S.K.: 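Structure in structure tokens, see below.
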Amino acid sequence: MAIEHGELPGLLDRLSEAFGPQDWWPAETAFEVLVGAVLTQNAAWRNVEQAIARLRARDWLSATAIVNAPADALRECIRPSGYYNVKAQRLTAACETWLELGGEAGLQAMETGAAREALLAVKGLGPESVDDVLLYGFNRPVFVVDAYTRRIFSRVGVVPPDIGYEPLQSAFHAALPRDARRFNEAHALIVALGKDYCRPRSPHCEWCPLQPACAYGGAGVQRS
DNA sequence: CACCAGGGTCACT
DNA sequence: AGTGACCATGGT
């Protein structure tokens, strides 16, 4: 489907005016972005914060600490973030690859495309998790697509609701300057809108900054 | 109570 | 290539 590229910058500008600077990702290091990206898979960030705090309390916020941690203790530690059995395995696998690639310095030295492929090869790291690491951990100009992005922009009407990850990402890459700083802010703003306004059951379309451009609330559909 | 949350894998057609 | 089951906790 043809995507209305021209609308995207203006829509993002409106979110910026409405919500102000977001200053993402809530993490101190690139490695913490990796941990958060795995733990936040289909989980509320609130729960992820608990899990990360528990890892920090044990001094396990490093790749070597996690690969050396007893499996059962690691599972218990990240329990609040949900899916703790699979996420413990995914974290361990990610840390093994992280170390094989030379840690943060090793990844920093890699080309973005090569780093993306290497991280995608890890079982449990899909495109969104990997792009979180690349954009927020390593400041690479890669647009992060998530469920909020798809829901918001399909409601606006610029993309189909079942568009895949890469096609949706390509739409943003084509519509915006390839600037990591801007991509960072844009995705954070999308999350801010998705969390508080553009919800499945309670779309507060009346107060959405994308009105009246959004076809969803703008058409009078699903008013609450 | 059912539904949702900053996904991803696997086993089937 | 597409579809559905599965993973599991905490908040509303």
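All figures in this text were calculated on a predicted structure; none of them were measured in a lab. Chain A is the first sequence line, chain B the second, and so forth, proteins listed ahead of strands; every chain is numbered from 1. Note that these values count all heavy atoms, side chains included, but never hydrogens, waters or copies made by symmetry.
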S.K.: Over how many whole Å does the gap from A:Asp132 atom CG to B:dG8 atom C1' extend?
M.R.: 13 Å
S.K.: To the nearest angstrom, how far is A:Arg201 atom CZ from B:dA2 atom C1'?
M.R.: 8 Å
S.K.: Are the side chains of A:Trp24 and A:Val191 in touch, meaning some heavy atoms are under 4.5 Å apart?
M.R.: yes
S.K.: Within less than 4.0 Å of OP1 or OP2 of C:dC7, is there a side-chain N or O belonging to A:Asn42?
M.R.: no
S.K.: Side-chain contact, heavy-atom cut-off 4.5 Å: A:Glu104 with A:Trp98?
M.R.: yes
S.K.: Starting the side chain at C-beta, find the nucleotide from C:dT12, C:dT9, B:dG7 nearest to A:Glu128.
M.R.: B:dG7
S.K.: When you compare the side chain of A:Thr149 with that of A:Asp146, does any pair of heavy atoms fall below 4.5 Å?
M.R.: yes
S.K.: Rounded to the nearest Å, what distance is computed from the CG atom of residue A:Asp196 to the P atom of nucleotide B:dC4?
M.R.: 17 Å
S.K.: Are any of the side-chain heavy atoms of A:Lys87 and A:Gln41 separated by less than 4.5 Å?
M.R.: yes
S.K.: Tell me the interatomic distance from A:Arg199, atom CZ, to B:dA2, atom C1', rounded to whole angstroms.
M.R.: 15 Å
S.K.: What is the nucleic acid contact for A:Ser129, judged by heavy atoms within less than 4.0 Å: base, sugar-phosphate only, or nothing?
M.R.: sugar-phosphate
S.K.: From CG of A:Leu39 over to C1' of B:dG8, roughly how many Å is that when rounded to an integer?
M.R.: 14 Å
S.K.: In whole Å, measure the gap between the P atoms of C:dA5 and B:dC3 for me.
M.R.: 15 Å
S.K.: Touch check for A:Arg75, heavy atoms < 4.0 angstrom, all strands: base, sugar-phosphate only, or nothing?
M.R.: nothing
S.K.: If only atom types and distance count, is the side chain of A:Arg79 paired as donor or acceptor with the main-chain N or O of A:Tyr84 below 3.5 Å?
M.R.: no
S.K.: So, OP1 or OP2 of C:dT9: does either fall under 4.0 Å of a side-chain N or O from A:Tyr84?
M.R.: yes
S.K.: So, is A:Thr40 close to the B:dG7 phosphate, meaning a side-chain N or O under 4.0 Å from OP1 or OP2?
M.R.: no
S.K.: Considering only heavy atoms from C-beta outward, does the side chain of A:His187 approach that of A:Gln22 to under 4.5 Å?
M.R.: no
S.K.: What is the nucleic acid contact for A:Val122, judged by heavy atoms within less than 4.0 Å: base, sugar-phosphate only, or nothing?
M.R.: sugar-phosphate
S.K.: Of the listed nucleotides (C:dG10, C:dC7, B:dA5), which one gets closest to any side-chain atom of A:Val86?
M.R.: C:dC7
S.K.: Please name the nucleotide paired to B:dC4 by Watson-Crick or G-U wobble geometry with both distances under 3.5 Å, or report none.
M.R.: C:dG10
S.K.: With DNA chain B as reference, determine whether A:Pro127 or A:Ala44 sits nearer its 5' end, using the nearest nucleotide of each.
M.R.: A:Ala44
S.K.: Categorize A:Asn85 for me: base, sugar-phosphate, or nothing, with a 4.0 angstrom heavy-atom threshold over every strand shown.
M.R.: sugar-phosphate
S.K.: Between A:Lys123 (NZ) and B:dA11 (C1'), how many Å, whole number?
M.R.: 13 Å
S.K.: C:dA8 and B:dC10: how far apart are their P atoms, nearest whole angstrom?
M.R.: 14 Å
S.K.: Please report, rounded to the nearest Å, how far the P atom of C:dC7 is from the CG atom of A:Leu91.
M.R.: 19 Å
S.K.: Check this one for me: any side-chain N or O of A:Arg151 less than 4.0 Å away from OP1 or OP2 of B:dA5?
M.R.: yes
S.K.: Reckon A:Lys87 touches a base, only the sugar-phosphate, or nothing at all at heavy-atom distances under 4.0 Å?
M.R.: nothing
S.K.: Counting heavy atoms from C-beta on, name the nucleotide in B:dG8, C:dA8, B:dC4 closest to the side chain of A:Tyr83.
M.R.: C:dA8
S.K.: Starting from C1' on B:dG8, measure out to CG on A:Asp146 and report it in whole angstrom.
M.R.: 15 Å
